Peer 1: 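Let me give you the structure first, and then I'll get to my questions.
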Amino acid sequence: MEDFKKNIENAVELLKKSKYIIAFTGAGISVESGIAPFRGKGGLYEKVSDKIFDLDYFYINTKNCWYLLLKFILIPLLKAQPNEAHYSLSNIEKHGFIKSIITQNIDSLHEKAESKDVIKFHGSADSFSCTRCKKKFQFNQLFSNDVIKKIENDKYFAKLIEKDFISEKDITEYQFDSNFTIPKCDRCGSIIKPDIVFFKEPIPEEALNASFYHAENADCLLIIGTSGVVYPAAMIPQVVKRNNGKIIEINPEPSEYTYSITDIFIKSSASLALSEISQKIIKKDL
């Protein structure tokens with residue numbers, strides 16, 4: 001506990017004297033909102049094949065992939081609410097300490113917590129685009145409440161859910177609800193896809209450029225809830241360090257960054273650590 005208190009104090013002092021602070025968040029910040037991470041213990045990929053995020057596989061098995069995305073990703077994220085970590089980070093931003101939040105998450109919980117400058121490195125689960133003409137859509141334009149309820153209560157699909165792991169073969173062979181239709185563009189009739197960065201897709205250029213611009217200029221980076229194994233996102237803290245920026249890391253367990261580039265490691269849940277930092281830094285700023 002002493003180490004926690006000391007590291008919080010050190011982090012607050014570092015943040016107070018830094019001129020250009022950015023935050024870099026991963027799945028760990030949203031776990032307390034009931035959103036499972038993709039990787040690691042209890043992660044999505046322990047339950048379902050990561051093929052649902054493979055671009056080629058999506059086009060070959062579009063209906064089944066769409067169904068699984070709705071069941072495991074889109075519907076749960078639609079209902080998720082920010083936790084204390086999101087609100088604390090938003091509060092720190094509101095008081096002028098953070099220039100930008102770069103997130104690997106697709107859940108939009110930073111925006112729901114009223115953070116203003118959020119860069120979505122891997123896209124967003126709450127917007128959708130036509131794969132041909134690029135027309136944009138919102139969730140409620142594509143799926144009714146009846147469709148959502150039907151997917152949530154699909155008794156036949158429940159049998160597949162009971163399996164320890166939904167394999168690539170299961171995704172291909174399972175006969176999903178015959179009444180479920182793939183969302184298609186009302187302008188050109190082409191398939192609609194979530195604005196999530198799938199495997200084999202490039203990072204959105206605007207997000208990529210903005211993220212690395214901030215990383216090049218930052219003198220302090222706050223890492224929250226990310227293991228540092230997903231590239232090219234994992235390079236962002238490395239760029240900050242290369243330019244002599246300081247690294248504050250909040251994670252419940254050590255990451256790829258902890259023993260290589262981190263200056264202050266706060267072993268903690270995101271909500272506890274950020275709540276403490278928010279209270280102390282804002283109090284000292286008054």
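Predicted model only: the values in this text are computed from it and were never measured.
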Peer 1: Report yes or no: does S275 contribute a side-chain atom to a donor-acceptor pair with the main-chain N or O of L272 at less than 3.5 Å?
Peer 2: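 A pair under 3.5 Å: no.
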
Peer 1: To the nearest 0.5 Å, what is the distance between CG (N10) and CG (D3)?
Peer 2: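 Rounded to the nearest 0.5 Å, the CG-CG separation comes out at 10.5 Å.
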
Peer 1: Do I29 and F97 share a hydrophobic cluster (ILVMFWY, side-chain heavy atoms under 4.5 Å, transitive)?
Peer 2: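 Same cluster.
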
Peer 1: Between F137 and I73, is there a shared hydrophobic cluster once you connect ILVMFWY residues whose side-chain heavy atoms come closer than 4.5 Å?
Peer 2: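 In one cluster with F137: I73, yes.
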
Peer 1: Within a 6.0 Å radius of atom NZ on K184, are there more than 12 heavy atoms belonging to other residues, nucleotides or ligands?
Peer 2: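 12 or below, so no.
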
Peer 1: I266, Y87: one ILVMFWY side-chain cluster at the under-4.5 Å cut-off?
Peer 2: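 Unlinked, I266 and Y87 end up in two clusters.
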
Peer 1: How far apart are the C-alpha atoms of W66 and L74, what are their side-chain angles, what is the distance that settles it, and do they pass the side-chain contact (heavy atoms from CB on, under 4.5 Å) test?
Peer 2: CA-CA 10 Å; W66 250 115; L74 303 177; 3.5 Å; yes

Peer 1: Is it true that E114 and S90 share a donor-acceptor pair across their side chains at a distance under 3.5 Å?
Peer 2: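 Result is no, nothing qualifies.
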
Peer 1: If you draw a 6.0 Å radius around NZ in K135, do more than 12 non-hydrogen atoms from other residues or ligands fall strictly inside?
Peer 2: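 It does: K135 NZ has more than 12 such atoms within range.
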
Peer 1: Evaluate T131 against S190 for side chain to side chain donor-acceptor pair (under 3.5 Å), listing each step before the verdict.
Peer 2: CA-CA 6 Å; T131 53; S190 297; 5.0 Å; no

Peer 1: Would you say K246 has more than 12 foreign heavy atoms packed within less than 6.0 Å of its NZ?
Peer 2: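 Check fails, neighbour count at 12 or below.
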
Peer 1: Classify the ring geometry of F143 against F128: parallel below 30°, tilted from 30° to 60°, perpendicular beyond 60°.
Peer 2: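 Ring orientation of F143 relative to F128: perpendicular.
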
Peer 1: Test of understanding: clusters of I, L, V, M, F, W, Y form through side-chain heavy atoms closer than 4.5 Å, transitively. Do I60 and Y67 belong to the same one?
Peer 2: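 No, no single cluster joins them.
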
Peer 1: Can C130 and R187 be said to form a side-chain contact (heavy atoms from CB on, under 4.5 Å), step by step?
Peer 2: CA-CA 9 Å; C130 172; R187 183 161 67 189; over 6 Å; no

Peer 1: Got a second to check how far Y257's OH is from I223's CD1, nearest 0.5 Å?
Peer 2: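 Answer rounded to 0.5 Å: 5.5 Å.
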
Peer 1: Given Q104 and F24, is the side-chain contact (heavy atoms from CB on, under 4.5 Å) satisfied, shown in steps?
Peer 2: CA-CA 8 Å; Q104 300 169 80; F24 178 57; 3.3 Å; yes

Peer 1: Once you round to the nearest 0.5 Å, how far does CG of L78 lie from CD1 of I148?
Peer 2: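 If I round to the nearest 0.5 Å, the distance is 6.0 Å.
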
Peer 1: Are V197 and V118 connected into the same hydrophobic cluster when the rule is that any two of I, L, V, M, F, W, Y join if their side-chain heavy atoms are below 4.5 Å apart?
Peer 2: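 V118 and V197: separate clusters.
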
Peer 1: For the side chain of S33 and the backbone of I35, is there at least one donor-acceptor N/O pair under 3.5 Å apart?
Peer 2: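 Between the backbone of I35 and the side chain of S33 there is no qualifying donor-acceptor contact (under 3.5 Å).
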
Peer 1: Can you list the steps and then say if E216 with R242 is a salt bridge (Lys or Arg N to Asp or Glu O under 4.0 Å)?
Peer 2: CA-CA 9 Å; E216 290 282 356; R242 184 185 68 200; 3.0 Å; yes

Peer 1: Run through I248, I247, I101 and flag the one making a side-chain contact (heavy atoms from CB on, under 4.5 Å) with L222.
Peer 2: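 For L222, the side-chain contact (heavy atoms from CB on, under 4.5 Å) test succeeds with only one of I248, I247, I101, which is I248.
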
Peer 1: Could you tell me whether F198 and Y57 have their ring centroids closer than 6.0 angstrom?
Peer 2: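 Judged by ring-centre distance (under 6.0 Å), F198 and Y57 do not meet the cut-off.
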
Peer 1: Checking K47 against F165: charged group under 6.0 Å from the ring centre and within 45 degrees of the axis?
Peer 2: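 Judged by the rule, K47 and F165 form no cation-pi pair.
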
Peer 1: Just how far is it from atom CD of E206 to atom OG of S211, taken to the nearest 0.5 Å?
Peer 2: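 Here the interatomic distance stands at 10.0 Å.
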
